[in-house]
Undergrad: 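Okay, here's the structure, questions in a sec.
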Amino acid sequence: MSIIQRDEGDYFGSQETGLEAIDYLDSKKPEHYVYLSSNYNNLGNVTSALGDKAKAIEFYNLAIKYEGDSASTRTYRNNLGKLYQDEKDYNQAIAIYRAVLKDEKTGTTAFARVLTNYATAMWKSQERYNPVKDFTVALNIRKKEKDLWGQNSSYAHFSDYYAKRNLDSALYFARKQYITAQQIPSAVDQVSALKRLIQLTPGDSSKRYFAVYQQLTDSIQQARAAAKNQFALIRYEVEKNKADNLRLQKDNAEKTNRLIGLSIVFLFAGTGATLWYKKRKQRLELEAQSRVKETQLHLSKKIHDVVANGLYRVMTEFEYKEEIDREGMLDKLDYMYNQSRDISHNVEQQSITTVAYHDEIAGLLKSFAQDKRRILIVGNDDEHWEAVGKRAKQEIKHVLQELMVNMRKHSQADQVLVRFEKVGETMRIYYHDNGVGFLPQKSRGKGLSNTVSRMESLGGSITFVSEPGDGLRITASIPLRKR
C-alpha cells in the first residue's frame, strides 16, 4: 500500500502507511528482513521527497542493513548516492557510485543507471568533466535491453548537460525524452520533458508545449488528490474486523470465567456454605465502597471533561476565530448544558477509563484536521512520554495547541506532519506544514512568542525555519531530566 501511495504521489500517506508497517515486522526474525529492507527503502524515497534528507539517509542505511541480496543492496546504495548527489555532497555520492559500479555486472540496466548517476555527479562537481561518453554507453545498454524508463532518464540527462552548451542538442534530447515518456506512458515524465521544451524552445514556439504541460499538470493533481483516500475503506474494514474479534474474545473469556466460578461454587457449596457467605458479604461491602469511590471519581472526571474542557474549546474558538458563528456557539453551549444535566443519569452506564497522554495529544492534534487538511502524527508512542514530567507534558500540550491554532489561522496548509522522537535524554518534536510560511512583512505573534518562553522555562529550545511559500518547519527540544 505504501509503495502504491508513493507511485500515486501521496507522499504523506505513503510515509504514514510505511511507518505503520514496521509494527508488523520483527527485526529479530531473519525471514522478515526482505520486507524490512523493502519498506525502509520506500520510506527513504518518500521521506527524501518530503525534504527530510537526514531521516531519509537513516532509512536507506536500514534498508542496506537488512537486505541479504547483493543486487538489491546495490540498488539501495545507488539510491543513497543519489540522495547525497541531490544534497550536492558530490564526493560522498561519487565514492558510493564507484563502489557500486565495481560490483555491478557490466552491460546490465542496473549498471547503466549507476553509470549515468556517476557521470552526472562528476560533471556537476568538476566543470571540465565531459559525461557524454558515459551517458552514451548507458543509453546504448538501455536501448539494447529495451529499457524505455532508462532511455527516458538518459535523454533527460543529455538535455540538461547540453542546455548551456548546445541549444540544438538540448532541444533534440528533450524531444526524445517527451516521445519516450509518451511510450511508457508516464504523465510525470511527460511534464518533465515539456518543462525542458518550454525553457529551451525560442519565442512563441513554446506556447504549444505550455498548453499540453498545463493540461497534464492538472490531470496529475486530480489523480494525486484521488489517491489520498483510496485506502480509507480498506482501513475501516480492517479496524472493524479487529474490533469485532477482540469483542468476541472478551465475550468467550467472560463465559469461561463464569462457568469456572459456578463449578467452584457447586463443588464447595455443601462443606463451605457458611465460610463462603461471610467472605461474599465482606467482598460485597468492599465492592460497594469501591463503587462509591469510582462513582465520585467518575463524576469529577465527567464534569471536567464535559464542562471545563467544553468551555475551554468554546473560549479558544472565541479567541482565535475572526468570524464567530453565533448560532453554532449557542448550539455547543446548549449541548454542554444538556450533557452536564444528564451526568447523574448515565454515569453508571459509562466505563471508567483514564485517557493516556499520547491519546490526549493525538486527540488534540487531530481535532484540527478537516476534509481538505490532513494531520500526520508519527512517533506518538506511550513509552516516549514515560520519562517526561507532569509539568513538561502540560507545557508541551499548550505549545502544540498554539502551533496548530497558528497553522489553522495563517498557514493555508493542507498537509501537516508532527513527529515525536526520543534521542538520549532529550525529547524532540518536529513540526512541518506545506503552507505559505512566515510572510516577510509579518513577525511572529504573541502566541508563537509564548511557545519560546514555555520551552525555555523547561530548559529546552524551539526554532522556526521558514521561507515564504515553502511551508514552516519547527523543531523543539526538551531535556528529560527537567521534570
Side-chain angles (χ1 to χ4, degrees), residues 1-122 124-125 134 138 141-142 145 147 149-150 152-154 156-157 188-189 378:
M1 286 172 60
S2 179
I3 292 171
I4 293 172
Q5 287 172 297
R6 180 203 68 196
D7 291 342
E8 294 295 327
D10 182 10
Y11 296 132
F12 275 104
S14 176
Q15 187 181 64
E16 182 180 12
T17 305
L19 290 170
E20 183 181 349
I22 296 173
D23 294 336
Y24 294 91
L25 300 169
D26 189 345
S27 61
K28 296 180 180 179
K29 294 182 178 180
E31 60 268 28
H32 287 190
Y33 287 0
V34 62
Y35 310 114
L36 281 165
S37 62
S38 175
N39 189 44
Y40 280 127
N41 179 64
N42 183 63
L43 280 170
N45 291 336
V46 297
T47 304
S48 175
L50 290 171
D52 192 346
K53 304 299 184 182
K55 196 66 180 178
I57 290 173
E58 181 181 330
F59 284 136
Y60 282 137
N61 283 326
L62 285 169
I64 295 168
K65 173 183 176 181
Y66 288 109
E67 182 54 65
D69 180 70
S70 56
S72 297
T73 300
R74 291 193 293 272
T75 298
Y76 300 158
R77 288 164 64 194
N78 176 73
N79 292 344
L80 181 59
K82 187 66 169 63
L83 180 57
Y84 281 119
Q85 179 178 317
D86 293 341
E87 288 293 282
K88 298 184 179 180
D89 188 351
Y90 297 118
N91 291 336
Q92 187 83 333
I94 291 169
I96 292 174
Y97 292 146
R98 282 175 174 167
V100 176
L101 285 171
K102 197 173 181 181
D103 297 334
E104 195 68 72
K105 184 178 179 182
T106 305
T108 62
T109 56
F111 180 86
R113 178 177 62 248
V114 182
L115 181 61
T116 300
N117 290 337
Y118 168 76
T120 302
M122 288 291 293
K124 291 188 175 182
S125 65
D134 291 334
I141 293 173
R142 287 163 165 172
E145 298 296 324
D147 177 13
W149 286 96
N152 172 77
S153 172
S154 286
H157 282 86
V188 173
D189 287 285
V378 179

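Treat the numbers as computed from the prediction; the structure is a model and nothing was measured. When a residue number appears, it is its place in the shown sequence, counting from 1.
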Undergrad: Using a distance-only test with no angle check, is there a side-chain donor-acceptor pair under 3.5 angstrom linking Ser154 and Arg142?
TA: yes
Undergrad: Tell me, with the steps shown, if Val100 and Tyr118 meet side-chain contact (heavy atoms from CB on, under 4.5 Å).
TA: CA-CA 10 Å; Val100 176; Tyr118 168 76; over 6 Å; no
Undergrad: Which atom pairs, one a donor and one an acceptor, fall under 3.5 Å between side chains of residues 76-85 and the rest of the protein, sequence neighbours left out?
TA:
unit_1: Asn78; atom_1: OD1; unit_2: Asn117; atom_2: ND2; d: 3.0
unit_1: Asn79; atom_1: ND2; unit_2: Asn41; atom_2: OD1; d: 2.9
unit_1: Lys82; atom_1: NZ; unit_2: Asp86; atom_2: OD1; d: 3.0
unit_1: Gln85; atom_1: OE1; unit_2: Tyr97; atom_2: OH; d: 3.0

Undergrad: Using side-chain hydrogen bond (donor to acceptor under 3.5 Å, both in side chains) as the criterion, list what pairs up with Ser38, not counting sequence neighbours.
TA: none
Undergrad: Check side-chain hydrogen bond (donor to acceptor under 3.5 Å, both in side chains) between Lys88 and all other residues, then give those that pass, not counting sequence neighbours.
TA: none
Undergrad: Measure the shortest side-chain to side-chain distance between Lys53 and Glu58 over non-hydrogen atoms and say whether it is less than 4.5 angstrom.
TA: no
Undergrad: Any sub-3.5 Å donor-acceptor pair from Ser14's side-chain atoms to Ser2's backbone N or O?
TA: yes
Undergrad: May I ask you to decide if Asn45's main-chain N or O and Ser48's side chain share a donor-acceptor pair within less than 3.5 Å?
TA: no
Undergrad: Could you check if a side-chain atom of Arg6 sits within less than 4.5 angstrom of a side-chain atom of Tyr11, using non-hydrogen atoms only?
TA: yes
Undergrad: With rounding to the nearest 0.5 Å, note down the distance linking OG in Ser125 to CG in Asn91.
TA: 7.0 Å
Undergrad: Verify, without hydrogens or angle tests, whether Asp134 (side chain) and Leu115 (backbone) share a donor-acceptor contact under 3.5 angstrom.
TA: no
Undergrad: Calculate, to the nearest 0.5 Å, the distance between atoms CZ and CG belonging to Phe59 and Asp52 respectively.
TA: 8.0 Å
Undergrad: Could you give the distance from CD1 (Ile141) to CG (Asp147), rounded to the nearest 0.5 Å?
TA: 10.5 Å
Undergrad: In Å, rounded to the nearest 0.5 Å, how long is the span from CD1 of Ile57 to OG1 of Thr47?
TA: 11.5 Å
Undergrad: Any heavy-atom pair between the side chains of Ser70 and Asp103 that's under 4.5 Å?
TA: no
Undergrad: Less than 4.5 Å apart, any side-chain heavy atom of Tyr60 and any of Leu43?
TA: no
Undergrad: Report, one line per pair, each donor and acceptor closer than 3.5 Å where one atom sits in a side chain of residues 25-35; sequence neighbours left out.
TA:
unit_1: Asp26; atom_1: OD1; unit_2: Lys28; atom_2: N; d: 2.9
unit_1: His32; atom_1: ND1; unit_2: Asp26; atom_2: N; d: 2.9
unit_1: Tyr33; atom_1: OH; unit_2: Ser27; atom_2: O; d: 3.3

Undergrad: Under the 3.5 angstrom rule, does the side chain of Thr108 hit a backbone N or O of Glu104 as a donor-acceptor pair?
TA: no
Undergrad: Identify, with sequence neighbours excluded, every residue that meets side-chain hydrogen bond (donor to acceptor under 3.5 Å, both in side chains) alongside Tyr40.
TA: none
Undergrad: How many angstroms lie between atom OG1 of Thr109 and atom CZ of Phe111, to the nearest 0.5 angstrom?
TA: 11.5 Å
Undergrad: State, with a plain yes or no, whether a side-chain heavy atom of Ile22 is found less than 4.5 Å away from one of Leu19.
TA: yes
Undergrad: Heavy-atom distance under 4.5 Å between the side chains of Val378 and Glu16, does that happen here?
TA: no
Undergrad: Taking all heavy atoms of Ala21 and all of Asn39, pick out the closest pair and write down the distance.
TA: CB-ND2, 4.0 Å
Undergrad: Which residues pass the side-chain hydrogen bond (donor to acceptor under 3.5 Å, both in side chains) test with Thr73, not counting sequence neighbours?
TA: none
Undergrad: Just verifying a value: how many Å separate Asn42 CG and Gln5 CD, rounded to the nearest 0.5 Å?
TA: 9.5 Å
